[in-house]
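Scroll down for the structure; my scribbles are underneath it.
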Protein chains: 2
Amino acid sequence: MARERKFSMDELFSSAKALLLKHGYEGFTFSLLADQLNVSRGALYKYYENKEELITDYMIAELNQFLADLQKIEHCQGFEAQFDFLMNLIFDMPEVQQLIKIAVQIPVNVNNKVRENKEHLDKLHLDMYKHLQSFIKLGKKEKNLKAHIADGLILGFIFQTIAIPNHFGIPHAEWVASIKEIISHGMFTNN
Amino acid sequence: MARERKFSMDELFSSAKALLLKHGYEGFTFSLLADQLNVSRGALYKYYENKEELITDYMIAELNQFLADLQKIEHCQGFEAQFDFLMNLIFDMPEVQQLIKIAVQIPVNVNNKVRENKEHLDKLHLDMYKHLQSFIKLGKKEKNLKAHIADGLILGFIFQTIAIPNHFGIPHAEWVASIKEIISHGMFTNN
DNA sequence: TAAAAAGGTGACAGTTGTGTCACTTTGGTG
DNA sequence: CACCAAAGTGACACAACTGTCACCTTTTTA
């Protein structure tokens, strides 16, 4: 029993995402977002008291989505298949790492809702790492991954590489294949 | 014939650097910088008309320093030595990549000085890539680097890896050694 | 069809950042 | 010592962002 909304939650989140990536946390404002959604600034305050609440709320949704996709890694049999699955997943959502970086900048002393959201985010982030850790463990057990390299570095390495800027416009397929090759066997020949 | 300055150019640059890395381009303000230097905001306007001029000026200095250090790569004989030199250099200046990213956000329509500075920055950035490109060429000639992987990806890969966050506090020496190993020969065993 | 509920608007006051400028402080030089 | 130039200060006017609120609009349902 109410009027129709001028924007959906999905539209709000995807606009927020674009603005966050473009302007960074401190450059993100309600004015920019309202303009993007063709709505008055005041309307946004019906849903969120301040930008910290809005951003954390959006990020929880984004990370939940990523985690849901990540769960499907269980359907892949064997390490090689799981490795391919993970690489493709990360290539499909290359912004996740950047967003996690932005999340760190959000101050928690704004109000209780923000503090709760931040804790929720931390929990999701930890969950993500636990899942990936078990993937790494499998890799080391199956003797595909070098055992002497720390788990945290292996994960960091994989996540970081998808953020390499493709300045020279190398075709996506070649780009992905080369990155997989370097991660797997390095950029040195065997002479 | 003048009064002594309350801050040196070096102090100004290193404060600017810290604030840029902490708050990002849009979060950087003259107020923050003035506070950091224990000086009034007005004093800064004696040197720069706006933050764009200041930031680009600082970045030119930073990139010049990096390029000067990079030139010394010529003193290293052979690809392996140059590779080690480059990795160590990049590990000593891990912020350079992040700063280049920030530089992209600076609008050029502020005034002519900013436009000139931005062009200068682009030139330096290009110089940097040219130097590194010749290093890559040497590597491919000596058959140490896989020839079928694009130069741009090899460089991007090396620069990107130094930005991997060391969340779990792995000791620096182990961290660096592992990264060199993965870049060189990958994270897979040879079974 | 009138009331209720939710969505939306524009204006207001407060805060923070910007750019400028008249003025003061400091230190070297004739 | 007087003066000059560079360095620094604080106040002013303006612009942008923030949070709130009275009021209007749209839709449902009793």
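- Counting to the nearest Å, the P atom of dT18(D) and the CG atom of Leu33(A) are 11 Å from each other.
- Every residue two or more places apart in sequence or in another chain that forms a side-chain contact (heavy atoms from CB on, under 4.5 Å) with Thr161(B) is listed here: Phe157(A), Phe157(B), Ile164(B), Ile179(B), Ile183(B).
- The list of ring-ring contact (aromatic ring centres under 6.0 Å, His included) pairs with a residue in residues 94-123 of chain B, not counting sequence neighbours, is empty.
- Legend: residues meeting side-chain contact (heavy atoms from CB on, under 4.5 Å) with Lys113(B), ordered by chain and number and at least two apart, are Glu53(B), Asp57(B), Asn111(B), Asn117(B).
- Considering only residues two or more places apart in sequence or on other chains, Lys6(B) meets the salt bridge (charged side-chain N to carboxylate O under 4.0 Å, His left out) condition with none of them.
- Nucleotides of DNA chain C nearest to Glu4(B) and Ser40(A) differ in position, and the one nearer the 5' end is that of Ser40(A).
- One interatomic measurement links the two molecules: CG of Asp35(A) to P of dT18(D), which rounds to 12 Å at whole-angstrom precision.
- Distance Leu44(B) CG to dT9(D) C1': 12 Å, rounded to the nearest Å.
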Let me have the donor-acceptor pairs involving side chains of residues 86-95 of chain B, under 3.5 Å, with sequence neighbours excluded, atom names and distances please.
unit_1: Asn88(B); atom_1: ND2; unit_2: Asp84(B); atom_2: O; d: 3.3

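- Using a cutoff of 4.0 Å between basic side-chain nitrogens and carboxylate oxygens, Lys123(A) and Asp127(A) are scored as salt-bridged.
- Every residue meeting the side-chain contact (heavy atoms from CB on, under 4.5 Å) condition with Lys72(B), not counting sequence neighbours, appears here in chain and number order: Asp69(B), His75(B), Phe85(B).
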Nucleotide N/O to protein N/O under 3.5 Å, stretch nucleotides 19-24 of chain D:
unit_1: dG19(D); atom_1: OP2; unit_2: Tyr45(A); atom_2: OH; d: 3.4
unit_1: dG19(D); atom_1: N7; unit_2: Arg41(A); atom_2: NH1; d: 3.1
unit_1: dG19(D); atom_1: O6; unit_2: Arg41(A); atom_2: NH2; d: 2.7

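- Annotation: proximity of residues 7-16 of chain A to DNA chain C (heavy atom, distance under 4.0 Å) is found for Phe7(A), numbered in ascending order.
- With sequence neighbours left out, the side-chain contact (heavy atoms from CB on, under 4.5 Å) criterion links Leu19(A) to His23(A), Phe28(A), Leu32(A), Leu33(A), Gln36(A).
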